[in-house]
Amino acid sequence: MPYKFIFDLSKVPQLFFTEIATVSYQKGMHHRLIKNVQAVNKKFRIQEATGLNFSEALALLEDLIDLQAINAIEREKFGKTKKRALFLPHCSRKYMDSQFCKAIFDSDVPAFACKHCSFDCQVNHACNLAAKKGYDVYLLAGGSCIPKILKAHDYDGVVGVACGDEIKMLGPLLNSMNVAYQAIPLIKNGCSNTVFNIEALEKTL
Ligand code: SF4
Ligand code: SF4
């Protein structure tokens with residue numbers, strides 16, 4: 001289930017994400033983690049910045065922290081992988097309308113292939129970065145497409161960009177298929193014109 005709330009962290013200072021990374025290392029101490037999540041929420045005024053209520057803000061921060069912790073745990077295994085794919089969400093395209101976005105959907109894959117129509121589209125940018133690193137790139141209409149893609153190829157490493165809760169739900173599937181992964185959670189959701197951190201993606205690739 002996608003988040004039931006809309007958020008936008010794209011204007012929150014970079015220091016916030018550094019703090020999220022720091023807190024993720026303390027994940028083993030659960031009571032302390034909750035206190036720290038609340039402290040990050042307060043320090044960066046996430047509720048004021050996003051309009052989320054208290055429980056929504058905490059749910060979002062906890063997912064960001066969990067994914068940082070998973071990335072740290074998976075990093076070594078991911079670093080040894082030889083055949084990798086990048087999964088991008090279709091909601092991050094510059095245009096959702098097929099009149100403007102020239103991506104072609106292939107139902108056999110099943111995924112869109114970006115046709116690079118817009119220089120300033122972050123999907124275009126991400127595709128170019130990934131292609132230079134030898135990744136196969138899939139622009140997905142949803143997480144349900146992933147099992148078919150993984151079964152058709154022998155990827156041992158995946159980088160996934162999507163809402164934090166969506167990526168967390170896919171973790172057990174990737175683990176069961178022995179696929180190491182790294183997560184890049186969206187910093188703005190809403191199912192269109194969504195945003196991810198392109199610098200974080202570049203570093204991860
Ligand atoms: S660059 Fe790719 S994803 Fe972006 S609008 Fe064009 S075809 Fe669609
Ligand atoms: S914002 Fe994108 S990744 Fe998140 S649920 Fe909507 S379509 Fe999926």
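The model shown is predicted, which means the values in this text are computed figures rather than measured ones. When a ligand or atom number is given, it counts from 1 through the structure's own listing order.
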key: In the protein, N/O/S atoms that are found under 2.8 Å from atom 8 (Fe) of ligand 1, waters not counted   = Cys101 SG

query = Which residue supplies the protein heavy atom nearest to atom 8 (Fe) of ligand 2, what is that atom called, and how far is it?
reply = Glu166 OE1, 4.4 Å

ask   = For the side chain of Asp156 and the backbone of Lys82, is there at least one donor-acceptor N/O pair under 3.5 Å apart?
value = yes

query = When you measure from atom 1 (S) of ligand 2 to every protein heavy atom, which one gives the shortest distance, and what is it?
reply = Cys191 N, 3.3 Å

query = So do the side chains of Asp154 and Lys83 get within less than 4.5 Å of each other, counting heavy atoms only?
reply = yes

request  = Check ring-ring contact (aromatic ring centres under 6.0 Å, His included) between Phe105 and all other residues, then give those that pass, not counting sequence neighbours.
outcome  = Phe112

inquiry  = If we ignore hydrogens and angles and just use 3.5 Å, is the side chain of Gln122 paired with the main-chain N or O of Thr194 as donor and acceptor?
reply    = yes

note = So for Cys163 against ligand 2, with non-hydrogen atoms under 4.0 Å, the contacting part is both

query = At what distance, to the nearest 0.5 angstrom, does NZ of Lys203 lie from CG of Asn197?
reply = 9.5 Å

inquiry  = Closer than 4.0 Å to some heavy atom of Gly190 - which atoms of ligand 2 meet that?
reply    = 1 (S)

task = Would you confirm whether Gln182, through its side chain, and Asn71, through its main-chain N or O, come within 3.5 Å as a donor-acceptor pair?
result = yes

inquiry  = Looking at Ser192, is its backbone amide N or carbonyl O close enough to the side chain of Arg93 to form a donor-acceptor pair, meaning the two atoms are under 3.5 Å apart?
reply    = no

note = When distances are taken from atom 2 (Fe) of ligand 2, the protein heavy atom at minimum range is Cys91 SG, 2.3 Å

message = Taking 4.0 angstrom as the limit and counting only heavy atoms of Thr194, give me the atoms of ligand 2 inside it, by number and element.
response = 1 (S)

task = Would you confirm whether Glu62, through its side chain, and Ala59, through its main-chain N or O, come within 3.5 Å as a donor-acceptor pair?
result = no

task = Write out the residue and atom name of the closest protein heavy atom to atom 5 (S) of ligand 2, then the distance separating them to 0.1 Å.
result = Pro2 CB, 3.3 Å

query = Can you tell me if Tyr3 uses its side chain to pair, donor with acceptor, with the backbone of Asn189 under 3.5 Å?
reply = no

